[in-house]
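Reckoned from all heavy atoms, side chains included, excluding hydrogens, waters and symmetry mates. Here is the naming used below: chain letters follow the sequence lines, and residue numbers restart at 1 for every chain.
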Protein chains: 2
Amino acid sequence: MQSNELIKGTLKTIILNLLKENGRMYGYEITQAIQEITKGEIKITEGSLYPALHGLVAEGMLITESVNIGKRVRKYYRLTKEGKVETKKKLTEFSDYIVMMQGLLNLKPSI
Amino acid sequence: MQSNELIKGTLKTIILNLLKENGRMYGYEITQAIQEITKGEIKITEGSLYPALHGLVAEGMLITESVNIGKRVRKYYRLTKEGKVETKKKLTEFSDYIVMMQGLLNLKPSI
DNA sequence: TGTAATACCTATAACTTATATGTATATTTG
DNA sequence: CAAATATACATATAAGTTATAGGTATTACA
């Protein structure tokens, strides 16, 4: 899993799901969480993450909240009502996709 | 599954697996097979398929064989020895990816 | 005979993520 | 205490994959 090619199309789903689970998170925290959960198999760099987050904000899926931590500003992201709906939709889509791919690739059934 | 975004990064894996299962296939046949297996959920257009096939040939994964069917030329694709190794590798990678994603997205375990 | 299906192909657009780079503060360690 | 590392934000451009749109030609069917 050195090559993260497969992640394409799922980064936003990952972000949305993390926010669904944790209520609110800031960018750096998200990159760390992904690394921890996947035991380092996936490393989302900031150059990938921030454009994705900004995109989700622009689409109305997230709202931000800036908090001062000393002299540093930490920007929290949280799901909007729309974002919660979209999250559910994306998770369903992904489950369907896995089932379909397992059919296509003759993998053991699941989910 | 209207949006095929999730397919990104897996098209070649799908093609390689189909060839592994069927020995040899031609382009049009591959598009039809994918549609049938996925019950129309995925439609790989020729504009996506042929560049992918040509890429795999250029990478040494496939060899071609042209057969005359009346006045029409049908181009069969078949896995090379290298292609067989690569297919196995890609299938393993994909299985690992699914397991990892199920962890990230809190989906039911599988495979 | 004209429409749909078969069968190949390419060029360019669109979309997503990676890479490289920049800035600045806080913490840890030698 | 200085230097390295971690924290924390961000953007611009490159790279890679698939989609869209277009092109050509044969065969089957209504």
Sub-4.0 Å heavy-atom contacts from residues 17-27 of chain B onto DNA chain D, ordered by number = none
Is there a side-chain contact between A/Q102 and B/I98 (heavy atoms, below 4.5 Å)?
-> yes
Under 3.5 Å, which protein N or O atoms sit close to an N or O of nucleotides 1-4 of chain D? Give each pair with its distance.
none

Rounded to whole angstrom units, what separation is found between the CD atom of B/E65 and the C1' atom of C/dC8?
-> 16 Å
Write down the protein N/O and nucleotide N/O pairs, taken from nucleotides 27-30 of chain D, whose separation is under 3.5 Å; answer none if there are no such pairs.
unit_1: D/dT27; atom_1: OP1; unit_2: B/K71; atom_2: N; d: 3.0
unit_1: D/dT27; atom_1: O4'; unit_2: B/R72; atom_2: NH2; d: 3.2

Interatomic spacing from CG in B/L91 to NZ in B/K88 - rounded to 0.5 Å = 9.5 Å
Stem segments of DNA chain C by first residue number [Watson-Crick or G-U, under 3.5 Å, at least 3] | C:1-30 with D:1-30
Are any of the side-chain heavy atoms of B/T45 and B/L49 separated by less than 4.5 Å?
-> no
Heavy-atom side-chain proximity of A/I69 to A/V73 below 4.5 angstrom | no
A/I44 CD1 to C/dT17 P: how many Å, rounded?
-> 8 Å
To the nearest Å, give me how far apart CD1 (B/I42) and C1' (D/dT17) are.
-> 15 Å
Whole-Å distance between D/dA6 C1' and A/Q35 CD?
-> 12 Å
Figure out the CG/P separation between B/L11 and D/dG16, and round it to whole Å.
-> 17 Å
Could you identify which residues of residues 49-58 of chain A place a heavy atom less than 4.0 Å from some atom of DNA chain D, listed by residue number, or say none?
-> A/Y50, A/P51, A/H54
Counting only side-chain N and O atoms of A/K75, is one of them less than 4.0 Å from OP1 or OP2 of D/dA10?
-> yes
Pairing residues for B/K75 by the side-chain contact (heavy atoms from CB on, under 4.5 Å) criterion, not counting sequence neighbours | B/T64, B/S66, B/Y77
CZ/A/R78 to NZ/A/K84 distance, rounded to the nearest 0.5 angstrom?
-> 8.5 Å
In whole angstrom, what separates A/K12's NZ from C/dT17's C1'?
-> 11 Å
Calculate, to the nearest 0.5 Å, the distance between atoms CD and CD1 belonging to B/E41 and B/I34 respectively.
-> 13.0 Å
Sugar-phosphate, base or nothing in reach of B/Y77, heavy atoms under 4.0 Å = sugar-phosphate
Protein-nucleic acid N or O pairs under 3.5 Å, nucleotides 20-22 of chain C:
none

Should B/Y76 and B/L53 be regarded as members of a common hydrophobic cluster, given that ILVMFWY residues are connected when their side-chain heavy atoms come within less than 4.5 Å of each other, either directly or indirectly?
-> no
In whole angstroms, the gap separating C1' of D/dT17 from CG of A/L6 amounts to 12 Å
Atom pair CE (A/M100) and CD1 (B/I42), whose distance is rounded to the nearest 0.5 Å = 3.0 Å
Who are the salt bridge (charged side-chain N to carboxylate O under 4.0 Å, His left out) partners of B/K89, not counting sequence neighbours?
-> B/E86
Would you give me the side-chain donor-acceptor pairs under 3.5 Å for residues 10-22 of chain A, sequence neighbours excluded?
unit_1: A/T10; atom_1: OG1; unit_2: A/I7; atom_2: O; d: 2.4
unit_1: A/K12; atom_1: NZ; unit_2: A/E59; atom_2: OE2; d: 2.8
unit_1: A/N17; atom_1: ND2; unit_2: B/L104; atom_2: O; d: 3.0
unit_1: A/N17; atom_1: ND2; unit_2: B/N106; atom_2: OD1; d: 3.0
unit_1: A/N22; atom_1: ND2; unit_2: A/L18; atom_2: O; d: 3.0

Please list, chain by chain and in numerical order, all residues satisfying ring pair (Phe, Tyr, Trp, His ring centres under 6.0 Å) with B/Y50, sequence neighbours excluded.
-> none
Which donor-acceptor pairs under 3.5 Å do side chains of residues 23-32 of chain B form with protein atoms, sequence neighbours excluded?
unit_1: B/R24; atom_1: NH1; unit_2: B/E65; atom_2: OE2; d: 3.1
unit_1: B/E29; atom_1: OE1; unit_2: B/Y26; atom_2: N; d: 3.1
unit_1: B/T31; atom_1: OG1; unit_2: B/Y28; atom_2: O; d: 2.6

When all nucleic acid strands are considered with a 4.0 Å heavy-atom cut-off, which category describes A/T10: base, sugar-phosphate, or nothing?
-> sugar-phosphate
Separation of atom CD1 in B/I14 from atom C1' in D/dT17, rounded to whole Å = 13 Å
Who passes side-chain contact (heavy atoms from CB on, under 4.5 Å) against A/T80, sequence neighbours left out?
-> A/I63, A/E82
